[in-house]
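Just below is one structure, and these are the notes that go with it.
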Amino acid sequence: MRKPCCDKEGTNKGAWSKQEDQKLIDYIHLHGEGCWRSLPKAAGLHRCGKSCRLRWINYLRPDIKRGNFAPDEEDLIIKLHALLGNRWSLIAGRLPGRTDNEVKNYWNSHIRRKLINMGIDPNNHKLYQTSPLPHAASSSSRLNLDLTIAFPAHYSSSPTFTLAQEDDDNNNNNPKPTSENMDESNPTLLLFQ
DNA sequence: AACCCTCGCAACCGCCAGTAC
DNA sequence: GGTACTGGCGGTTGCGAGGGT
């Protein structure tokens with residue numbers, strides 16, 4: 001049996017207090033990131049190591065960009081999601097200052113709904129066969145319908161843009177990156193640099 | 001004013017891959 | 001090669017805020 005990542009007894013859960021944040025920041029400034037399992041004890045925090053890591057990565061890190069996503073960031077997320085699927089950490093890696101959790105939340109709360117309203121299946125970026133909403137057909141007509149994948153029209157003219165892989169019918173809604181298409185040298189992803 | 005509902009976001013959970021022994 | 005440990009990831013949950021009735 002796998003041991004739990006931490007002793008659940010005596011560890012705090014839920015929202016972090018300012019004091020806890022400060023302890024974590026101070027400790028990482030002094031000792032750097034890493035060894036999350038032993039960090040809570042060393043830093044005097046009654047938290048799980050995983051919880052500390054998450055708090056630092058998603059909220060306390062100094063290089064985090066907070067606030068609304070710019071339109072170009074949103075476009076990039078849509079494009080990357082079409083290529084990579086729900087690989088949020090990879091997508092976030094292409095968005096400086098954004099975290100995987102933030103991108104994931106933004107996708108689920110904003111972009112996903114937006115695509116659905118446009119008649120686009122957010123899972124595979126294809127137009128719905130039968131529109132889930134009455135106005136979906138007219139909305140989708142604003143897109144370039146020549147594309148199998150329904151990217152915004154201004155991407156369709158890019159001569160360098162190619163799909164990582166074709167969707168083989170309905171059993172592959174979230175194409176996973178292969179070692180080949182994850183390669184920095186792959187022209188598919190070079191487009192986004 | 002009180003209640004209900006929806007939404008956005010922070011945080012948790014469980015699983016998996018990599019690594020050390 | 002097998003096992004244990006750790007970090008990282010994606011899915012999901014829970015809570016607070018804000019809007020509507």
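Proteins come first, then strands; the chains are lettered A, B, ... in the order of their sequence lines, and each starts at number 1.
Rounded to a whole Å, the CZ atom of A:R47 is 11 Å from the C1' atom of B:dA10. In this structure, CD1 of A:I57 is placed 10 Å from C1' of C:dG7, rounded to the nearest angstrom. Per the geometry, CH2 belonging to A:W36 stands 16 Å off C1' belonging to B:dC12, to the nearest Å. Per the geometry, CD1 belonging to A:I77 stands 14 Å off P belonging to C:dG10, to the nearest Å. In this structure, the CG atom of A:D100 is 15 Å from the C1' atom of B:dC13, given to the nearest Å. Atom CD in A:E102 sits about 15 Å away from atom P in C:dC9, given to the nearest Å. What separates CD1 of A:I91 from P of C:dG10 is a distance of 8 Å, to the nearest Å. Computed from coordinates, the A:I111 CD1 to B:dC7 P distance equals 16 Å when rounded to whole Å.
Here the closest heavy-atom approach between residue A:H81 and residue A:N123 is recorded as CE1-O, 4.4 Å. The shortest non-hydrogen separation linking A:P122 to A:W107 is O-CZ2, 3.4 Å.
Within the nucleic acid shown, A:Y59 comes within 4.0 Å of sugar-phosphate atoms alone, with no base atom in reach, counting heavy atoms only.
The side chain of A:R53 places an N or O atom within less than 4.0 Å of a non-bridging phosphate oxygen (OP1 or OP2) of C:dC9. Contact annotation: A:R112 does not reach the phosphate of B:dG8 (side-chain N/O to OP1 or OP2, under 4.0 Å). Distances shorter than 4.0 Å separate none of the side-chain N or O atoms of A:S109 from OP1 or OP2 on B:dC7. Here A:R55 does not reach the OP1 or OP2 of B:dA10: none of its side-chain N or O atoms lies under 4.0 Å away. The phosphate of C:dG11 has OP1 or OP2 within less than 4.0 Å of a side-chain N or O from A:W88. Within the 4.0 Å cut-off from OP1 or OP2 of C:dT6, at least one side-chain nitrogen or oxygen of A:R37 is found.
Checking B:dA10, B:dC7, C:dG10 against the side-chain heavy atoms of A:R113 singles out B:dC7 as nearest. Set against B:dC12, C:dG10, C:dG7, the side chain of A:S51 has B:dC12 as its closest nucleotide. Relative to the side chain of A:H110, the nucleotides B:dC12, B:dG8, B:dA10 differ in distance, and B:dG8 lies closest.
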Contact list (N/O, under 3.5 angstrom) for nucleotides 12-15 of chain C vs protein:
none

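Using a distance-only test at 3.5 Å, with no hydrogens or angles considered, no donor-acceptor pair links the side chain of A:K126 to the main chain of A:D121.
Because its NZ or CZ atom is both nearer than 6.0 Å to the ring centre of A:W16 and within 45° of the ring axis, A:R47 counts as a cation-pi partner of that residue.
Atom NZ of A:K65 has more than 12 neighbouring heavy atoms from other residues, nucleotides or ligands inside a 6.0 Å radius.
Using a cut-off of 4.0 Å between Lys/Arg side-chain N and Asp/Glu carboxylate O, A:E73 and A:R94 are scored as not salt-bridged. Of the charged side-chain nitrogens involved, none lies within less than 4.0 Å of a carboxylate oxygen, so that A:R55 and A:E20 do not count as a salt-bridged pair.
Contact of A:K50 with C:dG8 (side chain to base): a donor-acceptor pair of N or O atoms is detected under 3.5 Å.
Both distances falling under 3.5 Å, in either a Watson-Crick or a G-U wobble arrangement, occur for no nucleotide opposite B:dA1.
Residues satisfying the salt bridge (charged side-chain N to carboxylate O under 4.0 Å, His left out) test with A:R61, not counting sequence neighbours, are A:D63.
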